[in-house]
Enquirer: 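This is the structure I want to talk about, given as structure tokens.
Note that ligands are numbered from 1 as they come in the structure, with each ligand's atoms numbered from 1 the same way.
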Amino acid sequence: MKNPIIGIMGAMLEEVTGVIALVENPVKQELGMRTYYQGKINGVDVVVVFSRWGKVAAATTISTLITEFHITELIFTGVAGAIAQNVKVGDMVLAKRVMQHDMDSRPLLPQYVIPLHKKIFFENMEEHLQESEKTITEFLTNQQINQQLLEQFNITNPKLWIGDIASGDQFFSSNEQKKQLADAFPTVLCVEMEGAAVAQICTEYNIPWTIIRTISDSADDNSSTDFQRFIEEIASVYAVEVIKLWVTPQTPNKASTSQPVPHRRG
Ligand code: ADE
């Protein structure tokens, strides 16, 4: 069996900075305008990197993690805008399936279909979801974030959702964008800018992937309100605490089979 090496990627520098601080004896390597930090978290080999924003940036970063750093598994943490009605700021979403809402090769292929893969969604694996679900639930149940701070963002009882995530090279900031996506994909819980690209490359290299998103905004006319402050004060704490719990010596066994799970929401 290969020596397990966990790739940890994030699209917000504030989140990744906290995770880098967890790395014991980090060794830095600069490649393609990114800095990769190799070392150990909880005794497990990791490589941590800030991917930058969007599908191209994410795809090139995950390719480098796989081909240059030989990761055996990938976890991506970041923020997302809420699409489904009951998903709230402060909730977390674990990706069961991911799709690209801006993929459109019509008339050659139906809208949203990924060329050559002949499908719209990349789907995650049973074991992976169950273990990650336990980890995130443990975090949300025991989280120690200052109550006053949570109240400032109207966060009460943050919840874990497991389901569909849409990715694309657009920051959603209007009611119209949100409605269009929700109408086209009623099962989509949230929108972000990297996950589907990461899942596609991981699938192509047969690398198990996990995508965990914290809801930072409502992906509508109000989406930019408090966005930066949310990243700095809440999302960065979520990312660090989840990674501390998620990266354990058992982590590499999380993805040992490839059974798709039936669809679940909430
Ligand atoms: N990531 C966080 N919020 C987002 C939004 N509103 N649109 C796209 N990606 C996001």
Enquirer: Quick one: ligand 1 N/O to protein N/O pairs below 3.5 Å?
Expert:
from: ligand 1; atom 1: 3 (N); to: Gly81; atom 2: N; distance (Å): 3.3
from: ligand 1; atom 1: 3 (N); to: Asp217; atom 2: OD2; distance (Å): 2.6
from: ligand 1; atom 1: 6 (N); to: Phe172; atom 2: O; distance (Å): 2.9
from: ligand 1; atom 1: 6 (N); to: Asp217; atom 2: OD1; distance (Å): 2.9
from: ligand 1; atom 1: 7 (N); to: Phe172; atom 2: N; distance (Å): 2.8

Enquirer: Give a yes or no on whether the ring-centroid distance for Phe121 and Tyr112 is below 6.0 angstrom.
Expert: no

Enquirer: Among all residues two or more places apart in sequence or in another chain, which pass the side chain to side chain donor-acceptor pair (under 3.5 Å) test with Gln200?
Expert: Gln100, Glu204

Enquirer: Please output the side-chain donor-acceptor pairs of residues 17-24 that fall under 3.5 Å, not counting sequence neighbours, one pair per line with the distance.
Expert:
from: Thr17; atom 1: OG1; to: Leu13; atom 2: O; distance (Å): 2.6
from: Glu24; atom 1: OE2; to: Asn42; atom 2: N; distance (Å): 3.4

Enquirer: Using 4.0 Å as the upper bound for N to carboxylate O, is an ion pair formed by Arg229 and Glu232?
Expert: no

Enquirer: Looking at Val48, Leu74, Val47, Leu65, which hits side chain to side chain contact (heavy atoms under 4.5 Å, CB included) with Ile8?
Expert: Val48

Enquirer: Does Ser63 have any side-chain contact (heavy atoms from CB on, under 4.5 Å) partners at least two apart in sequence or in another chain, and if so, which?
Expert: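 Partners of Ser63 under the side-chain contact (heavy atoms from CB on, under 4.5 Å) test: Ile201.
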
